[in-house]
Amino acid sequence: MEYRFDNEKPIYIQLVEYIKKEIISGRLKSGEKIPSVRELAVQAKVNPNTVQKALAELERCGLIFTERTNGKFVTQNTDTIKNFRNELIGERVNSFLHDMIHMGVGKEEIAEYLKELKGRDHFETA
């Protein structure tokens, strides 16, 4: 995992967001063991307390759980993962639509463009 942090928000929140994306994308699989706090801290080059705070938040929201003496694992509740995935998709789509409408692009124009994209084999990425 490669971490890139910005100064706009706390690092622990950025860690939460990053690990959430790893889980909802399937890169961290349901039931998979998560690296230890120390391992994650070394990988991310952050204080272990920061990692612990992020993992506590992920556990609070149900995306990971602790198995006493065995470590932390990704939830096996696929509905929880699906709900977080849908929430993130909704946030991103709403942000995109807000930006397009702010630029003066109408909903019909957006829909037409998305239909055109659907027929393409790949999407252009930045």
Side-chain angles (χ1 to χ4, degrees):
M1 292 188 229
E2 186 175 325
Y3 300 90
R4 292 189 188 144
F5 301 111
D6 63 44
N7 294 325
E8 298 299 314
K9 57 181 143 179
I11 290 174
Y12 89 93
I13 291 174
Q14 294 177 67
L15 281 171
V16 168
E17 291 170 351
Y18 183 81
I19 295 169
K20 271 184 185 180
K21 287 177 193 172
E22 292 294 295
I23 293 170
I24 65 175
S25 70
R27 287 186 290 272
L28 276 175
K29 307 219 179 310
S30 179
E32 184 176 341
K33 186 174 182 177
I34 295 172
S36 72
V37 169
R38 290 193 192 286
E39 289 175 90
L40 286 171
V42 168
Q43 288 174 7
K45 298 178 181 145
V46 299
N47 186 300
N49 292 332
T50 302
V51 173
Q52 185 60 45
K53 190 172 182 178
L55 294 178
E57 176 61 22
L58 288 163
E59 192 158 5
R60 187 194 63 71
C61 66
L63 280 173
I64 67 172
F65 66 94
T66 300
E67 210 174 80
R68 202 173 159 138
T69 71
N70 287 330
K72 296 186 183 299
F73 296 83
V74 175
T75 184
Q76 294 176 330
N77 186 331
T78 55
D79 286 340
T80 297
I81 295 171
K82 184 179 177 182
N83 289 340
F84 275 97
R85 180 181 171 89
N86 289 340
E87 183 180 305
L88 182 61
I89 290 169
E91 289 171 7
R92 295 291 171 94
V93 168
N94 284 332
S95 176
F96 165 76
L97 291 173
H98 178 269
D99 289 348
M100 292 298 102
I101 291 167
H102 185 72
M103 290 173 34
V105 180
K107 291 178 183 178
E108 295 79 20
E109 190 176 354
I110 295 167
E112 189 59 39
Y113 185 75
L114 291 172
K115 284 180 192 174
E116 288 176 25
L117 283 179
K118 185 178 177 185
R120 296 184 188 173
D121 288 340
H122 66 281
F123 294 95
E124 296 172 12
T125 58

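All values below come from the heavy atoms of this structure, side chains included, with hydrogens, waters and symmetry mates left out.
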Practice item. Go through the steps for F84 and L63 under the test side chain to side chain contact (heavy atoms under 4.5 Å, CB included), then give the verdict. Key: CA-CA 9 Å; F84 275 97; L63 280 173; 3.8 Å; yes

Exercise for review: Please lay out, stage by stage, how I110 and F96 fare under the test side chain to side chain contact (heavy atoms under 4.5 Å, CB included).
Suggested key: CA-CA 10 Å; I110 295 167; F96 165 76; 3.8 Å; yes

Practice item. Evaluate side chain to side chain contact (heavy atoms under 4.5 Å, CB included) for I23 paired with I64, printing each intermediate quantity in order. Key: CA-CA 9 Å; I23 293 170; I64 67 172; 4.0 Å; yes

Exercise for review: Any chance you could lay out the side chain to side chain contact (heavy atoms under 4.5 Å, CB included) test for K107 and I101, step after step, and finish with the verdict?
Suggested key: CA-CA 7 Å; K107 291 178 183 178; I101 291 167; 4.0 Å; yes

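Counting only heavy atoms from C-beta outward, the side chains of L55 and E59 never approach each other to under 4.5 Å. Considering only heavy atoms from C-beta on, N83 stays 4.5 Å or farther from T80 through its side chain. Here the side chains of I24 and I89 are not in contact, with every heavy-atom distance at 4.5 Å or above. I34 is listed as a side-chain neighbour of L40, based on a closest heavy-atom distance under 4.5 Å.
Aromatic ring orientation, F73 versus F65: parallel (interplanar angle below 30°, classes split at 30° and 60°).
Cluster annotation: V42 is not connected to F5 through the hydrophobic network of ILVMFWY side chains, with a link wherever side-chain heavy atoms come within less than 4.5 Å.
Note on K20 versus E17: no salt bridge recorded, every NZ/NE/NH1/NH2 to OD/OE distance being 4.0 Å or above.
Environment of CZ in R38: sparse, with no more than 12 heavy atoms of neighbouring residues, nucleotides or ligands closer than 6.0 Å. More than 12 heavy atoms of other residues, nucleotides or ligands lie within 6.0 Å of NZ in K72, so this atom counts as buried by the packing criterion.
Here the straight-line distance linking atom CD of Q43 with atom CG of L15 works out to 10.5 Å at 0.5 Å rounding. To the nearest 0.5 Å, atom CZ of residue R92 and atom CG of residue N94 are 12.0 Å apart.
Between E57 and the options I19, I13, V16, a side chain to side chain contact (heavy atoms under 4.5 Å, CB included) holds for only V16.
In terms of heavy-atom proximity, Y12 sits nearest to A54 at O-CB, 3.6 Å.
At least one donor-acceptor pair closer than 3.5 Å links the side chain of S30 to the backbone N or O of T75. Using modelled atom types, one side-chain atom of K33 and one backbone atom of N70 make a donor-acceptor pair closer than 3.5 Å. At distances below 3.5 Å, at least one donor-acceptor pair connects side-chain atoms of Q14 with backbone N or O atoms of D6.
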